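Here the structure is a predicted model, which is why all the values come from computation and not from measurement. To find a chain, count down the sequence lines: A is the first, B the second, and so on, and within it residues start at 1.
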Amino acid sequence: MRPVALVDCNNFYASCERLFQPRLRGRPVVVLSNNDGCVIARSNEAKDLGIAMGAPWHLSKETFKRHGVIVRSSNYTLYGDISRRVMRILSTFTPDLEIYSIDEAFLGLDGFGDRLEAHAREIRRTVLQWTGIPVSIGIAPTKTLAKAANRLAKQGDGVRLLMTQDAQAEALAQLKLTDLWGVAGRMEKRLAVIGITTPLQLRNADPHILRQHAGVLLERMALELRGVSCVGLQNLVPQAKSIMCSRSFGRAVTTRRELEEAVSTYAERAAAKMRRQALCTATVQVFVTTNPFKTQETQYAASRTITLPVATADSAKLVNAATMALARLWRSGVRFKKAGVILLDLVDQSSVQGDLWTSPDTPRNTRLMQAMDKLNALYGRDTVTLASSGRKVRWSLRAEKRSARYTTNWDELLRVA
DNA sequence: TCTGGGGTCCTAGGACCC
DNA sequence: TCTGGGGTCCTAGGACCC
């Protein structure tokens, strides 16, 4: 049985804010989302006041004031920086580290025998001492159980082991279904239909019945709750599969021009983020929604996907595609509240290459520069590399998974472009 | 007036092909 | 009047996570 630890920073954003402002310690602190829209982090004191995750600020301002709640706008640059420091420390404790989110990591802890708990306490002490961030650690044979252990660790003294069947059963008996990793409101209702209302019932349920009525994820979860590991540790950071940029509007948008401007900006930002990861794509999706909180207003939510003939990392082409997708979503008279652009089917720019033959009549350097110019125009600046031998120029870009083709035929390349 | 943003995975159903 | 069936691919949408 290979023990897995989940290390989770307590109230991460709120703890980060406290690092540099000691006066925040011991007081209720909340951190707000992007446009100071809603609560995305709470200190324990704020939780004790009953402030809910996701609570809209404009509805709770008065209550916050009354209780002396300290409110901060979010500072993602700071949180990212502190996160990297915490993760670096964790990486010194094990070679098996999976950074799961900005404030959580799974650690493989093989070979510690009965010193597991002492080791966990050492990790906890070190992170706190070196960064000032308090963490909780749950240890179990599977990730799902480690998650549950972590939740109980937070209620206790910061470390919780669930390495035996007895300990696991006792722990699951203390939790609600929705405390489990992967069960939220909708799934809770679906499980209730087949008579499952507690984590222990889920653990003991027939996996085949679960798969039929609640999907393959729940089947896997039941196995994980029994201590059968189905979700392995990933210590390599996987390549992104999609990159998104989206925003809610401060007020409803009703003109096509405004909506187009917003979507163009998002497409550019998403493309820039994609290039930073040396990826490119042929698939651009745009989505729009009305304000779901205004239930008396007519609701509209839709998305459209455009597939380009060739993959690219070039902003202009992606913006163009996004605009085309938006044209199919536009409806006059609709009060748009949010829009976004998602780049899908991302692939490595360097994973595709091709050969082209240049004219022997021009000097080699000129030929290369001409080739580079053409490829840059096609795929976006700095996304193409060339290597030449004789008249042959090998260019590298990216492979396209489904829809985009690549070709070494200049005419077709230019026509497509 | 004011309710986040960035992801992953799964599935239902339509299009299309033979 | 009767009006295939099976397979794959793709899209949109749902559910969940932090």
Query raised in the report: Do NZ/NE/NH1/NH2 and the carboxylate oxygens of Glu260(A) and Arg256(A) come within less than 4.0 Å?
Result: yes
Report task. Go through dC16(C), dC9(B), dC18(C) for me and flag the one nearest to the Tyr100(A) side chain. Result -> dC18(C)
Can you give the donor-acceptor pairs under 3.5 Å from side chains of residues 231-252 of chain A to other protein atoms, not counting sequence neighbours?
unit_1, atom_1, unit_2, atom_2, d
Asn235(A), ND2, Asp96(A), OD1, 2.9
Gln239(A), NE2, Leu346(A), O, 3.3
Arg251(A), NH2, Glu258(A), OE2, 2.9

Query raised in the report: Can Ser136(A) and Asn150(A) be counted as having a side-chain donor-acceptor contact under 3.5 angstrom?
Result: no
Query raised in the report: Can you tell me how far CD1 of Ile51(A) sits from NE2 of His67(A), rounded to the nearest 0.5 angstrom?
Result: 8.0 Å
Requested in this report: Using a cut-off of strictly less than 4.0 Å between a heavy atom of the residue and any atom of DNA chain B, enumerate the qualifying residues of residues 242-269 of chain A by number.
Outcome: Ser242(A), Ile243(A), Met244(A), Cys245(A), Ser246(A), Arg247(A), Ser248(A), Phe249(A), Gly250(A), Arg251(A)
Report task. Could you tell me the separation between the CD atom of Glu297(A) and the C1' atom of dT3(B), rounded to a whole number of Å? Result -> 14 Å
Query raised in the report: Which of these passes side-chain hydrogen bond (donor to acceptor under 3.5 Å, both in side chains) with Glu219(A): Gln212(A), His213(A), Arg211(A)?
Result: Arg211(A)
**Report entry** Candidate pair Ile123(A) and Leu107(A), rule side-chain contact (heavy atoms from CB on, under 4.5 Å), full reasoning
**Finding:** CA-CA 11 Å; Ile123(A) 293 173; Leu107(A) 281 67; 4.0 Å; yes
Query raised in the report: Under 4.0 Å: is that the gap between some side-chain N or O of Lys337(A) and OP1 or OP2 of dT1(B)?
Result: no
**Report entry** Separation of atom CZ in Phe106(A) from atom P in dC17(C), rounded to whole Å
**Finding:** 12 Å
Short N/O separations, protein against nucleotides 10-14 of chain B, under 3.5 angstrom:
unit_1, atom_1, unit_2, atom_2, d
dC10(B), OP1, Arg220(A), NH2, 3.2

Requested in this report: Measure from CD1 on Ile342(A) to P on dG7(B) and round the result to the nearest Å.
Outcome: 9 Å
Query raised in the report: DNA chain B: Gly54(A) or Lys241(A), which has the more 5' nearest nucleotide?
Result: Gly54(A)
Query - Pairs touching residues 187-208 of chain A that satisfy salt bridge (charged side-chain N to carboxylate O under 4.0 Å, His left out), sequence neighbours left out - result: none
Query raised in the report: Closer than 4.0 Å, any side-chain N/O of Lys143(A) to the OP1 or OP2 of dC17(C)?
Result: no
**Report entry** Between Arg275(A) and Ser315(A): side-chain donor-acceptor atoms closer than 3.5 Å
**Finding:** yes
Query raised in the report: Taking CG from Leu279(A) and C1' from dG6(B), how many angstroms apart are they, rounded to a whole number?
Result: 15 Å
**Report entry** Pairs satisfying salt bridge (charged side-chain N to carboxylate O under 4.0 Å, His left out), at least one member in residues 121-144 of chain A, at least two apart
**Finding:** Glu98(A)-Lys143(A), Glu117(A)-Arg121(A), Arg121(A)-Asp157(A), Glu122(A)-Arg125(A)
Query raised in the report: OP1, OP2 of dT3(B) versus side-chain N and O of Lys61(A): anything below 4.0 Å?
Result: no
Report task. Select base, sugar-phosphate, or nothing to describe what Asp103(A) touches, counting heavy atoms under 4.0 Å on all strands. Result -> sugar-phosphate
Query - Whole-angstrom distance between dG4(C) and dC17(B), as gauged at atom C1' - result: 14 Å
Requested in this report: Just do the side-chain contact (heavy atoms from CB on, under 4.5 Å) check on Leu191(A) and Leu210(A) with the steps written out, would you?
Outcome: CA-CA 8 Å; Leu191(A) 288 171; Leu210(A) 279 176; 4.0 Å; yes
Query raised in the report: Could you state the CD-P distance from Glu62(A) to dT1(B), rounded to the nearest angstrom?
Result: 17 Å
Report summary line: Taken to the nearest whole Å, CG/Leu218(A) to C1'/dC16(C) is 11 Å
Requested in this report: First locate atom CZ of Arg328(A), then atom OG1 of Thr305(A), and finally report the distance between them rounded to the nearest 0.5 Å.
Outcome: 8.5 Å
Report task. Would you please enumerate the stems DNA chain C participates in, each stem being three or more consecutive Watson-Crick or G-U wobble pairs with both distances under 3.5 Å? Result -> B:5-18 with C:5-18
Query - Rounded distance (Å) that lies between atom P of dC18(C) and atom NZ of Lys147(A) - result: 4 Å
